[in-house]
Structures are given as C-alpha cells and as structure tokens.
2 protein chains.
Amino acid sequence: MSGSYDPAGFRPLTFHDAVPGFREGTDTPRAYLERCLGVIEAREPVVRAWVTLNIEGARQAADAATARYKAGQPLSPIDGMPIGIKDLILTRDMPTEMGSPLYKGFNPKQDSAAVQALRAAGAIILGKTVTTEFGMSHPGPTTNPFNPAHTPGGSSSGSAAVIGAGMVPAAIGTQVVGSVIRPAGFCANHAIKPTYGALNRGERQGFSQSHFGVHAGSQRDMWQVAWEIAQRAGGDPGHPGLYGEPEPRPAVKPRRLVVMESEGWPLLDGATLDGFEALLGRLRDAGIDILRRSDSPLIEAFEEGIGDSLEICRDVCGFEQRWSLENMAALHREGLSDSIYSRLVLAREMTLDDYRAVLLRREVARRSFAAIGGLADAVISLSSVGPAPRADNQAKDSGITHTTGLPAFNAPSSVLGAPAITVPLMAVGGLPVGVQVMGQQHMDAPLLAIAAWLAENIPPVVVA
Amino acid sequence: MSGSYDPAGFRPLTFHDAVPGFREGTDTPRAYLERCLGVIEAREPVVRAWVTLNIEGARQAADAATARYKAGQPLSPIDGMPIGIKDLILTRDMPTEMGSPLYKGFNPKQDSAAVQALRAAGAIILGKTVTTEFGMSHPGPTTNPFNPAHTPGGSSSGSAAVIGAGMVPAAIGTQVVGSVIRPAGFCANHAIKPTYGALNRGERQGFSQSHFGVHAGSQRDMWQVAWEIAQRAGGDPGHPGLYGEPEPRPAVKPRRLVVMESEGWPLLDGATLDGFEALLGRLRDAGIDILRRSDSPLIEAFEEGIGDSLEICRDVCGFEQRWSLENMAALHREGLSDSIYSRLVLAREMTLDDYRAVLLRREVARRSFAAIGGLADAVISLSSVGPAPRADNQAKDSGITHTTGLPAFNAPSSVLGAPAITVPLMAVGGLPVGVQVMGQQHMDAPLLAIAAWLAENIPPVVVA
C-alpha cells in the first residue's frame, strides 16, 4: 500500500447538489467558496496544485452569484461554481505562465474563449492550476493528493489534483496526447476529453489534435461545465461544438463494449491488469458482451490502426509546434528544458512530406475506428498503465521523458479526435486508476450515458 | 481619367530576374535593397504603405545574403528578397500593431511561422505594411499608388500598395473575406490567396476561413515566396500545405472557363462590365470556351450556392471572433472603432445553433463548387466591382462600412477555401482592375499555369 485512496470512502467535492440550497437560501456561493478555500488552505502546502489564486476576485464573484440566487436569477446551473483553469489558458485577471520561466508574469489581460464563457455563465475563476512546461513533459511541483510521493500525472497536473484533493468541484485541463484522461485517472476524477473541436480552444489553436477538457468531482458537474462553455463560446473555428443537452442524459446500460488494448497493454503492471480483468468480469456478470481483439478482424484492424498512436502524436505535434519552439529557442534557449528542446531537435528533421505522411497515418487510424462503430456501444480501456508512478523514480529515455506517467492508453483518443471519459473505477495499491470509455466523434452525450451507467452500477475494483 | 495606371507602361518590381546578377557578381542583394529603399524614400510620403521599416536589420540581412551568393550558397531562390509583412502578423524585430491603437507598440518578440520560414529562406523582412483595424473595415492611411485620392483597398492595404508603387517585389497579406485579392486588383499586383490551410497562419488560427496570401510584381516571385514558406512552415495544423513544385509550372492555355457572377455582378459599374465582356471576347477569340450561368444548371446551382457568401462570411467570422472582440471591448471599448464594435453587436445575437447553420450553408456552397469542377479548367471573374473607389467618398451602411471597396467578388473564394489568383488584366479610368481565376482546393499550381497563360497571352483591356 503506497497510497490512501479508498474508493468506498472517497467523497470528491460536488456542486450541483449545493444549488438547491443556494436557491432556498440555506447556503450561498460565497459560503461554498469559503469551504473550498478552507480545503485549499489545509492541503495546498503539500499538494501544490495552484500557480495563482485570485481569492479577492473570487470572493467578489461569489458575492455577485449569491445576489443572483437571492434575486432568483442565476445565470446558469454553474452560477457560483469555483473553477480552476490550467495555467496554459489565458485569464484576464491572472498571469498565464505555462509552466515555463519564459512566461513568468505573462499577462495579456485576455480571457480565453472558454474562460470568458465560464464567467458569462456565472462561474468563479478561482485560480490557475499547475501545468507541465508548455503542457508537455517537464513536470511542475504538484503532488498526488492520495500520496505526495507520487505524481498527479500531467500535463493537467494541477487540474487533476485539485479535484482529487476536493479543493474545487471542477477544473479545466487540456489534452494533446494524454494530458486530461491520464492525470484524471491518477487523481480519481471524473473527466471528459471531448470530441476534437467540441470546446473552443480560444488562443490555443496551434495543434490539430489538442482539446480542452473538464475535470470534476461528479459527472453532472463535468458535463454542465462543458455544456455551458460550448453554448457561449462554441467549439473551435469551423467545428460545430459539443452536441447534447444541458443536462446529462440518464444512464444507459451498454449491450456490448470493445476492449482497446493499444500500446498500453504490454506496459500494464500485473496488479492493474488483474484489476481490469476483474472489472471486465463484473461487466460480463451484468450481462454486457465484451469483445476482444481476437473476436473480430475489424477490432484487430482497429488495434493496428492505433498501434503507433504515440509516434503519430510525436510527429504531428512536433511539426506543428516547431515554429513556436524555434521562436523560444532563438529568444532564450536556456529557458527551455532539455526535454522540450529535444522535441525541437527531432522536429527539425521533419520535412513537409513527412508531416503529410503522418497526417495520412492519422487518417487511416480514424477510418479503422469508424469501422468498429457499429460493433458495440463504446470502447473500454484503462486510463493509464497503472497507478501514478513515484515522482522520484522515473525512467528517462532519449530526451523525451515521461515523468508524469506514460500516455500509452491516451494517445489513441487524441489521435482519433474521439470523446473519452474516465471513471474512477479502480484502486491499485491505494492509488486511483481510471477506466475510460471512448466513443465516435460527436457522440459525447451518449458516451456519458454509458459512463454514468458504469459509475452507478459497477463497484470499483480494489487491488492491493 | 482619375488615375495614372497604364498597363502597357507599368513595370512592377521583380526579383527573380535579379538573381542571375547576384550569382554572377554584377549585382548584390544589398544593392537591390538600396534600390528598394530609394523608391520607398521617393514614394512613401504619399503612399503611406508602411507602419514600420527595419532598415538597419534589412541592411544586415542583405549583406548576409550578398555573402551567401558570393560563396555560391544562397539558401533558396528568394534569398535576399526584400519583403513586406502585413502588420497583423508577428515579427520578432518589429511591433505588430494590427491597425489598432490597442496594439500600439505590441511586440511579443516572436516570428509568425511564415515569417520564420521566410527568414530561413534568406528573405529580408524589411518592414510591416498597413492593415485596416484588425484586418477588418476601418482603414489606415495608405493611398492608392496610381492616384492618392483613391483607396488601395483593404485589409491588406499596405501589402498591395508597396507592390503597386514598386517598393518591393513581394509582400504578405491575409484574406478572410476579400483582403488579398481585392486590394491586389486595385494596385495592379499579381497575388494569390491559396487553398485554405495551404500556408501556415502561425498564431492567427482564429478564423475557419482566413488565409495568408502573397502579393508580388510577378507570378514567379509570388509562387516562389508561397512555396518557400510552405516547405519550411507547412500549412495550417492538420492541413497538408501548398502542393506544387518549387518553380511555377509553364503556362497552360485553358480549354474552357466558367464565368462567376456572384453577388458582385449587379454591383458592377458599367465601364468595368464593358471591359470584362471585352476581355471575355478576347478569350473567346483565342479559342477558349466561356460558360455562363445560363449554360448549365450546375453553374446556376453554383451561383445559388455562393449567392450569399457575404452573409456567410459575416456570420462565420462574427461568431468566431466574438470572444476576442469581447476581450477588447471589456479592456478598452473606446479603443475599438464603431465599425468593429458593430460587428460585435451583431455577433452577440448569434447562438451556437446559428453558427452551426451557417457552417452548413458554407458546406453546401462548397459542394456546389465541387459539382462544377469537371465542367471547365477554372472559374474566371473580376477581383472587384470596379476600380478603387475614392477614399473620401464611401457609402456607409448600417454599421459595417466598406471604405476599402466592396468584397462582393472575393467572398466566394474565401467561403469555398478555394485558391484564387488575380492578374492585372484591366484598366478602368486610369486605375487597375484585377481579373481573378479560381480553382478547386489544392489545385493552386495548375491554377497558376492558367493565370500565367492569361498574363502572357491576353493584352490588358483599357477602358477610359
């Protein structure tokens, strides 16, 4: 046992169930905020999830929300909700430092589209959460809320940790490879990395497979945050934005699920594999068909299609970020970590035709996923190759380090632009492990209905 | 006669024909630059095309290029080419003021992807060219190089004017609605607005139909600038980038052209219409079939598909820029022109479903264009509804002003994401009028071969 996570006893912070009290006057957004600040005060010295807190601004916003509820006119179901924003994303009242000394104090006084939408919905932008350097590998100071010797995951390290620590009910993260779902799994979050383009990335349009996602203590809060952003800010330019309804759909029991092995399978630790197989057993016991790669040549073709997702991510993102890394290297080479610089060195070798070739491989992977769309209601997999590794005991390979855990189970949904939702359904060695479901593009709402069924009906698997 | 443009006598500045002299040592990039600076010194007081000139930096870069030619090792066919950059686009050594007082002195010390690529190819980033406010309607101080009482067009006002004035051989512009092709036509440029996504827009990914384009004094320089950018910086994230070869293809005589009337047709002034019909007569005389909307129900369907392109542009761009305009309005309302602010007011009325509906209309327009792909080698049309209007005599309608000319002939290629090339094939009242050809997406290189045939074989039409 290296951690303190007990799925039966863990009670993350939720917001939707506080709203009736706001309406009735037995509770207020200001009081809710003060409770959050109390948890932050108690736990932040060890968890270190926040880069910046705007307590004064949050209190003013909470008082305004309190007045709106008193007047019977809240702006949305998330009016008064304290939210953390990953420190890659612009906020007009706080710096955006991107986990890099190069951006110390950087503040263009603009709100990213999603942040603007959250404010318009009445949410309280409480602070900025720690990210790894530019959302890539070099980690920040955050620790896992269930054991400070372990990583919270990355790159949305702080956004995952603030949920695991019960500091706020929701936080915004971003994922290019595995930066929402993996840390969310490590920290017992509910989290969604929606369909590519579903949530407006504002100023952050530079990758063709990055996403804004939502970390939360409950599926309802998670969905409502995503929904309220999309309604006000839309999706990315040219994309239709998140489809669904304002309320999450009722739970739907899946008839059939496809297990995704991906590049993660051979890297699984034994305890996590045992736990996942036990979970699949519980699903079968509940009458759900479980299809494996040996059950259909289409599933085998899908596994082959996504079988080099990590390399696709590396090359797509390397080429796409080359020019901005070159800018930073020219300005201040010593302000970049060796890990980031090694990505630039790799990307410099790429030609335009190399990039076109990897886009084609990505397109082939997407076709292989579309081809299994009719086989089952969703794909099921793990959110990581095991529980959060120790922060002081990381394998470092040739320059590209993975000090916040391996994204081998996460790269496929990023490559596919497919919605993925992680559910805290396992505990391994006293640390959380997430189980993810993945659906076809734009099927975010029906996917959540399946995730809801799992959360409501399948008791978490605990492995020592 | 209100202008001084004589197509027979006009000699724009070209670069490719200077390169042999650089190689042979009879000329140098430094001497070429000094000749450009001489023209700028003579004409800039009236034309007012530049926001910033980095003469010292340009001289250093020209000396470095001179040394490379001396060593027999130029970096590319555009090594040593002085280029102007529209002042919406980041340059690490000059501010990027975007035609707005809100961005006075703004300098994040980064090169946009295309600028970085140009430097890597040896081009000399000479200065920043005037743009209308944020590339939208409120004009800057630039005058038409053929008559200072007239507009140079916009929003790439300076990039078009520097070519018309013979100050530099090439300049970078941007087009969301009509901001490359229209001003280029007003200023007797050769210019390309390539396929959507073909040239990396760097930090400017916020619109789903904006493009970087190239203004030049010759088709060869135009193409080589575009090519060298794409080879080094690629296209937009997720796009394959500009297709073709390093050299422009030899001229190809089209067998058949479709005339596009668009929303511009009823707005044409009589002299321009007469001139265009005379031009079509010359094409027919040369043996080229000219198809009109009455010749095929497919062409009629295409005209209907693009028949509300201006409204599509307004609504697509309105929704997409709403969040960033809200940021600026919140920070400094009085720093925004009424023209820009009125766009925000319109956009605030849009819901996410309104945006989805206009994306669908855009998709229908694209289908209607794809459906005529087999009918002819290209589409031909005008680049504007007439010559550049007087700068002091502009109709202003409800809030959205068009003080740099109407983009009615330009909105279709922006909506379609289709490549468009303008050729200086007409003079009306002593001012240039461009004729544009438009092709299917990714057909930039074959489209240029057709534009080359027109430029080489059709004498410009002159109307008094």
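Protein chains get the first letters and strands the later ones, always in sequence-line order, with residue 1 at the start of each.
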Heavy-atom closest pair (Ser208(A) atom, Pro237(B) atom, distance to 0.1 Å) is CB-C, 3.5 Å
Original post:
Does Asn327(A) reach the main-chain N or O of Gln110(B) with its side chain, forming a donor-acceptor pair under 3.5 Å?
Top reply: no
If one checks every heavy atom of Phe319(B) against chain A at 4.5 Å, the contacting part turns out to be side chain
Assert top hit (heavy-atom pairs under 4.5 Å, partner chain B, pool Thr351(A), Leu352(A), Val358(A)) equals Leu352(A)
Most heavy-atom pairs under 4.5 Å with chain A, out of Gly234(B), Gly206(B), Ser112(B), Pro240(B), belong to Pro240(B)
In this structure, NE2 of His239(B) is separated from CD of Glu320(A) (nearest 0.5 Å) by 9.5 Å
dist Arg356(A):CZ -> Tyr243(B):OH (nearest 0.5 Å) comes out at 4.5 Å
Check your understanding: Quick check: are there more than 12 heavy atoms from other residues, nucleotides or ligands sitting under 6.0 Å from CZ of Arg367(B)?
Key -> no
Here the gap from Arg92(A) atom CZ to Glu326(B) atom CD, rounded to the nearest 0.5 Å, amounts to 10.5 Å
In short, Tyr355(A) meets Asp236(B) closest at the heavy-atom pair OH-O, 4.3 Å
Cut-off 4.5 Å, heavy atoms of chain A, and the answer for Ala233(B) is backbone
When rounded to the nearest 0.5 Å, the distance separating NE2 of His332(B) from NZ of Lys109(A) is 12.0 Å
Cut-off 4.5 Å, heavy atoms of chain A, and the answer for Glu203(B) is both
*asked:* Any side-chain to backbone donor/acceptor pair from Arg322(A) onto Arg232(B)? Under 3.5 Å, distance only.
replied: yes
Comparing Asp111(B), Leu90(B), Leu331(B) against chain A, the one with the most heavy-atom pairs below 4.5 Å turns out to be Asp111(B)
Okay, Gln116(B) and chain A: the region with an atom under 4.5 Å from a heavy atom over there is side chain
